[in-house]
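Let me begin by presenting the structure, written as C-alpha coordinates, before commenting on it.
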Amino acid sequence: MEDNIVHTPVISIEAWRHVFKLDPDKDISDDDLDRICLSGTDAIVVGGSSGVTFENTVELMSRIRRYELPAALEVSNLDSVVPGFDAYLIPMVLNTPNPDWIVGQHQRAIQQYGYMIPWELIIPEGYIILNPEATAAKLTEAETGLTAAEAGAYAQVADKLMRLPVVYVEYSGMYGDMELVHHVRKGLSHAQLFYGGGIRTEEQAREAAEAADTVVVGNIVYEDMEAALRTVEAVRLTP
Ligand code: 1GP
(Lines give C-alpha, C1' and ligand atoms only; values in the text may rest on other atoms or scores of the structure.)
Protein backbone atom coordinates (compact mmCIF):
# COMPACT_ATOMS: atom_id res chain seq x y z
CA MET A 1 0.00 0.00 0.00
CA GLU A 2 1.25 3.50 -0.75
CA ASP A 3 2.22 5.50 2.33
CA ASN A 4 0.83 8.73 1.03
CA ILE A 5 -2.77 7.49 0.79
CA VAL A 6 -4.72 9.24 3.52
CA HIS A 7 -8.21 7.96 4.16
CA THR A 8 -9.38 10.64 6.56
CA PRO A 9 -11.72 12.99 4.67
CA VAL A 10 -10.87 16.67 4.79
CA ILE A 11 -14.42 17.58 5.65
CA SER A 12 -16.21 16.00 8.53
CA ILE A 13 -19.53 14.50 7.57
CA GLU A 14 -20.26 13.34 11.12
CA ALA A 15 -21.91 16.65 11.84
CA TRP A 16 -24.30 16.40 8.90
CA ARG A 17 -27.87 16.00 10.18
CA HIS A 18 -29.67 17.49 7.18
CA VAL A 19 -28.49 17.76 3.62
CA PHE A 20 -30.15 18.85 0.42
CA LYS A 21 -29.41 16.76 -2.65
CA LEU A 22 -29.52 18.86 -5.82
CA ASP A 23 -29.80 17.32 -9.26
CA PRO A 24 -27.65 18.95 -11.96
CA ASP A 25 -30.23 17.86 -14.54
CA LYS A 26 -32.97 19.96 -12.91
CA ASP A 27 -33.37 23.73 -13.06
CA ILE A 28 -33.23 25.87 -9.96
CA SER A 29 -33.41 29.66 -9.97
CA ASP A 30 -30.77 31.82 -8.29
CA ASP A 31 -33.32 32.90 -5.70
CA ASP A 32 -34.28 29.35 -4.82
CA LEU A 33 -30.65 28.24 -4.70
CA ASP A 34 -29.96 31.16 -2.38
CA ARG A 35 -32.72 30.06 -0.03
CA ILE A 36 -31.51 26.45 -0.05
CA CYS A 37 -27.89 27.39 0.63
CA LEU A 38 -28.82 29.83 3.42
CA SER A 39 -31.45 27.52 4.92
CA GLY A 40 -29.26 26.22 7.72
CA THR A 41 -28.78 22.83 6.05
CA ASP A 42 -25.43 21.22 6.82
CA ALA A 43 -24.29 20.52 3.26
CA ILE A 44 -25.26 20.23 -0.36
CA VAL A 45 -24.84 16.94 -2.16
CA VAL A 46 -24.87 17.15 -5.94
CA GLY A 47 -26.08 14.04 -7.68
CA GLY A 48 -28.70 12.36 -9.78
CA SER A 49 -29.42 9.09 -11.52
CA SER A 50 -29.90 10.34 -15.07
CA GLY A 51 -28.96 13.26 -17.27
CA VAL A 52 -25.94 14.22 -15.15
CA THR A 53 -23.17 15.60 -17.35
CA PHE A 54 -19.83 17.32 -16.80
CA GLU A 55 -21.36 20.58 -18.04
CA ASN A 56 -24.44 20.67 -15.84
CA THR A 57 -22.38 19.53 -12.83
CA VAL A 58 -19.79 22.29 -13.33
CA GLU A 59 -22.57 24.82 -13.68
CA LEU A 60 -24.32 23.81 -10.48
CA MET A 61 -21.05 23.51 -8.56
CA SER A 62 -19.93 26.99 -9.52
CA ARG A 63 -23.24 28.44 -8.35
CA ILE A 64 -23.12 26.56 -5.02
CA ARG A 65 -19.51 27.61 -4.50
CA ARG A 66 -20.63 31.19 -3.81
CA TYR A 67 -21.81 29.93 -0.43
CA GLU A 68 -19.75 28.72 2.47
CA LEU A 69 -21.44 25.42 3.14
CA PRO A 70 -19.74 22.14 2.22
CA ALA A 71 -20.50 20.67 -1.18
CA ALA A 72 -20.04 17.01 -2.07
CA LEU A 73 -20.44 15.30 -5.42
CA GLU A 74 -22.10 11.90 -5.40
CA VAL A 75 -20.45 10.22 -8.34
CA SER A 76 -22.85 8.33 -10.58
CA ASN A 77 -20.79 8.25 -13.75
CA LEU A 78 -17.17 8.89 -14.55
CA ASP A 79 -17.88 11.43 -17.28
CA SER A 80 -19.37 13.89 -14.82
CA VAL A 81 -16.64 13.93 -12.18
CA VAL A 82 -15.82 17.60 -11.68
CA PRO A 83 -12.86 18.82 -9.62
CA GLY A 84 -13.45 21.40 -6.91
CA PHE A 85 -15.88 19.69 -4.54
CA ASP A 86 -15.07 19.28 -0.84
CA ALA A 87 -15.77 15.55 -0.99
CA TYR A 88 -16.72 12.79 -3.41
CA LEU A 89 -19.31 10.26 -2.28
CA ILE A 90 -18.87 6.92 -4.03
CA PRO A 91 -21.90 4.61 -3.97
CA MET A 92 -21.29 0.87 -3.71
CA VAL A 93 -24.66 -0.81 -4.15
CA LEU A 94 -24.96 -3.69 -1.70
CA ASN A 95 -28.29 -5.23 -2.72
CA THR A 96 -27.55 -5.95 -6.36
CA PRO A 97 -26.60 -9.28 -7.93
CA ASN A 98 -24.52 -7.34 -10.48
CA PRO A 99 -20.97 -6.82 -9.18
CA ASP A 100 -20.48 -4.00 -11.65
CA TRP A 101 -22.35 -1.73 -9.21
CA ILE A 102 -20.53 -3.02 -6.15
CA VAL A 103 -16.89 -2.95 -7.27
CA GLY A 104 -16.74 -3.33 -11.07
CA GLN A 105 -17.01 0.25 -12.25
CA HIS A 106 -14.89 1.28 -9.29
CA GLN A 107 -12.13 -1.12 -10.29
CA ARG A 108 -12.09 0.20 -13.84
CA ALA A 109 -12.11 3.80 -12.67
CA ILE A 110 -9.17 3.22 -10.35
CA GLN A 111 -7.22 1.35 -13.00
CA GLN A 112 -7.70 4.22 -15.42
CA TYR A 113 -7.60 7.27 -13.16
CA GLY A 114 -6.17 6.03 -9.84
CA TYR A 115 -3.08 8.24 -10.09
CA MET A 116 -5.23 11.38 -10.05
CA ILE A 117 -7.87 10.41 -7.49
CA PRO A 118 -7.76 12.67 -4.40
CA TRP A 119 -8.13 9.81 -1.91
CA GLU A 120 -8.41 12.11 1.07
CA LEU A 121 -11.68 13.47 -0.38
CA ILE A 122 -13.24 10.09 -1.15
CA ILE A 123 -16.12 8.85 1.02
CA PRO A 124 -17.50 5.43 0.03
CA GLU A 125 -21.17 4.73 0.75
CA GLY A 126 -22.76 1.32 1.17
CA TYR A 127 -26.04 1.81 -0.68
CA ILE A 128 -29.21 -0.16 0.00
CA ILE A 129 -31.79 0.81 -2.65
CA LEU A 130 -35.35 -0.01 -1.65
CA ASN A 131 -37.78 1.74 -4.02
CA PRO A 132 -38.27 -0.54 -7.05
CA GLU A 133 -39.56 2.40 -9.13
CA ALA A 134 -36.42 4.52 -8.61
CA THR A 135 -34.19 5.00 -11.64
CA ALA A 136 -31.20 3.93 -9.56
CA ALA A 137 -32.94 0.68 -8.57
CA LYS A 138 -33.70 -0.22 -12.18
CA LEU A 139 -30.26 0.76 -13.39
CA THR A 140 -28.43 -1.27 -10.75
CA GLU A 141 -30.88 -4.21 -10.78
CA ALA A 142 -31.30 -3.72 -7.05
CA GLU A 143 -33.24 -6.37 -5.15
CA THR A 144 -35.56 -3.95 -3.43
CA GLY A 145 -38.00 -6.27 -1.66
CA LEU A 146 -35.89 -6.71 1.44
CA THR A 147 -37.15 -7.38 4.95
CA ALA A 148 -35.74 -5.27 7.77
CA ALA A 149 -33.56 -8.22 8.79
CA GLU A 150 -32.18 -8.60 5.26
CA ALA A 151 -31.49 -4.87 4.92
CA GLY A 152 -29.90 -4.86 8.37
CA ALA A 153 -27.58 -7.68 7.37
CA TYR A 154 -26.49 -5.82 4.22
CA ALA A 155 -25.82 -2.78 6.39
CA GLN A 156 -23.64 -4.90 8.67
CA VAL A 157 -21.68 -6.18 5.67
CA ALA A 158 -20.90 -2.53 4.90
CA ASP A 159 -20.24 -1.57 8.51
CA LYS A 160 -18.42 -4.57 9.92
CA LEU A 161 -16.84 -6.32 6.94
CA MET A 162 -16.20 -3.55 4.42
CA ARG A 163 -15.83 -0.90 7.15
CA LEU A 164 -17.48 1.73 5.00
CA PRO A 165 -17.98 5.09 6.75
CA VAL A 166 -21.53 5.51 5.42
CA VAL A 167 -24.56 3.27 4.97
CA TYR A 168 -27.22 4.90 2.80
CA VAL A 169 -30.80 3.61 2.92
CA GLU A 170 -32.15 4.97 -0.35
CA TYR A 171 -35.86 5.13 -1.09
CA SER A 172 -35.47 7.91 -3.67
CA GLY A 173 -38.92 9.14 -4.72
CA MET A 174 -40.82 7.23 -2.04
CA TYR A 175 -41.11 7.69 1.71
CA GLY A 176 -39.61 4.61 3.32
CA ASP A 177 -40.26 2.17 6.12
CA MET A 178 -38.89 3.90 9.21
CA GLU A 179 -39.03 0.70 11.26
CA LEU A 180 -36.62 -0.81 8.76
CA VAL A 181 -34.37 2.25 9.05
CA HIS A 182 -34.40 1.99 12.87
CA HIS A 183 -33.52 -1.69 12.59
CA VAL A 184 -30.64 -0.97 10.21
CA ARG A 185 -29.22 1.63 12.54
CA LYS A 186 -29.30 -0.67 15.56
CA GLY A 187 -26.89 -3.04 13.82
CA LEU A 188 -24.28 -0.41 12.96
CA SER A 189 -21.13 -0.01 15.06
CA HIS A 190 -19.32 2.82 13.33
CA ALA A 191 -20.91 3.68 9.98
CA GLN A 192 -23.01 6.82 9.70
CA LEU A 193 -26.54 6.12 8.51
CA PHE A 194 -27.95 8.27 5.71
CA TYR A 195 -31.64 8.10 4.91
CA GLY A 196 -33.12 9.58 1.73
CA GLY A 197 -36.42 9.25 -0.04
CA GLY A 198 -39.76 10.96 -0.37
CA ILE A 199 -39.53 13.44 2.50
CA ARG A 200 -42.22 16.05 1.91
CA THR A 201 -43.44 17.07 5.37
CA GLU A 202 -41.97 18.18 8.67
CA GLU A 203 -43.37 15.05 10.32
CA GLN A 204 -41.57 12.81 7.82
CA ALA A 205 -38.36 14.81 8.27
CA ARG A 206 -38.63 14.39 12.04
CA GLU A 207 -39.28 10.65 11.80
CA ALA A 208 -36.34 10.21 9.44
CA ALA A 209 -34.11 12.22 11.79
CA GLU A 210 -35.13 9.93 14.65
CA ALA A 211 -34.22 6.86 12.61
CA ALA A 212 -31.06 7.99 10.78
CA ASP A 213 -27.97 10.08 11.49
CA THR A 214 -28.27 12.11 8.32
CA VAL A 215 -31.45 13.02 6.45
CA VAL A 216 -31.25 13.65 2.69
CA VAL A 217 -33.94 15.80 1.09
CA GLY A 218 -34.10 15.85 -2.71
CA ASN A 219 -37.09 16.11 -5.02
CA ILE A 220 -39.26 18.33 -2.85
CA VAL A 221 -36.81 21.18 -3.54
CA TYR A 222 -38.09 21.19 -7.12
CA GLU A 223 -41.74 20.78 -6.21
CA ASP A 224 -42.44 22.84 -3.10
CA MET A 225 -39.66 25.13 -1.91
CA GLU A 226 -41.45 26.20 1.28
CA ALA A 227 -42.00 22.59 2.30
CA ALA A 228 -38.37 21.78 1.48
CA LEU A 229 -37.13 24.61 3.70
CA ARG A 230 -39.32 23.50 6.61
CA THR A 231 -37.54 20.11 6.68
CA VAL A 232 -34.32 21.82 7.83
CA GLU A 233 -35.76 23.06 11.10
CA ALA A 234 -37.70 19.83 11.65
CA VAL A 235 -34.47 17.82 11.48
CA ARG A 236 -32.50 20.37 13.49
CA LEU A 237 -35.00 20.21 16.36
CA THR A 238 -34.96 16.41 16.49
CA PRO A 239 -32.58 15.20 19.20
C1 1GP B 1 -32.30 10.80 -3.53
O2 1GP B 1 -32.12 10.08 -1.27
C3 1GP B 1 -32.32 11.18 -2.09
O4 1GP B 1 -31.08 10.22 -3.86
C5 1GP B 1 -33.56 11.96 -1.70
O6 1GP B 1 -34.73 11.37 -2.16
O7 1GP B 1 -35.47 12.93 -3.92
O8 1GP B 1 -37.09 11.36 -2.84
O9 1GP B 1 -36.17 13.31 -1.57
P10 1GP B 1 -35.94 12.29 -2.66
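Remember, it's 1-based here, ligands and their atoms both numbered in the order they're listed.
By the 4.5 Å heavy-atom criterion applied to side chains, Met92 and His106 are counted as neighbours.
In this structure, Lys160 contributes its side chain and Gly187 its backbone to a donor-acceptor pair below 3.5 Å. Under a 3.5 Å cut-off, the side chain of Ser76 and the backbone N or O of Gly48 do form a donor-acceptor pair.
Under 4.0 Å from ligand 1, not a single heavy atom of Phe194 appears.
Looking only at protein heavy atoms, the nearest one to atom 3 (C) of ligand 1 is Tyr168 OH, 3.4 Å. The nearest protein atom to atom 4 (O) of ligand 1, hydrogens excluded, is given as Glu170 OE2, 2.5 Å; this is a heavy-atom distance. The shortest contact between atom 9 (O) of ligand 1 and any protein heavy atom is with Gly218 N, 2.9 Å.
In terms of N/O distances under 3.5 Å, ligand 1 is approached by Lys21. For a threshold of 3.5 Å applied to N or O pairs, the pair formed by Asn219 and ligand 1 contains at least one separation below that value. For ligand 1, the polar-atom distance check against Gly173 finds a nitrogen or oxygen pair separated by under 3.5 Å.
Of all atoms in ligand 1, numbered sequentially from 1 with element shown, those under 4.0 Å from a heavy atom of Ser172 are 1 (C), 6 (O), 8 (O). Residue-ligand proximity, Gly198 to ligand 1, at heavy-atom distances under 4.0 Å covers atoms 8 (O), 9 (O), 10 (P).
For the pair Thr214 and Trp16, the tightest heavy-atom approach, listed with the atom from each and the gap, is OG1-O, 2.6 Å.
Counting only N and O atoms by type, the side chains of Asp34 and Tyr67 include a donor and acceptor under 3.5 Å apart.
By the 30° and 60° cut-offs, the orientation of the rings of Phe194 relative to Tyr168 is tilted.
Electrostatic pairing of Glu226 and Arg35 counts as a salt bridge here, judged by a charged N lying under 4.0 Å from a carboxylate O.
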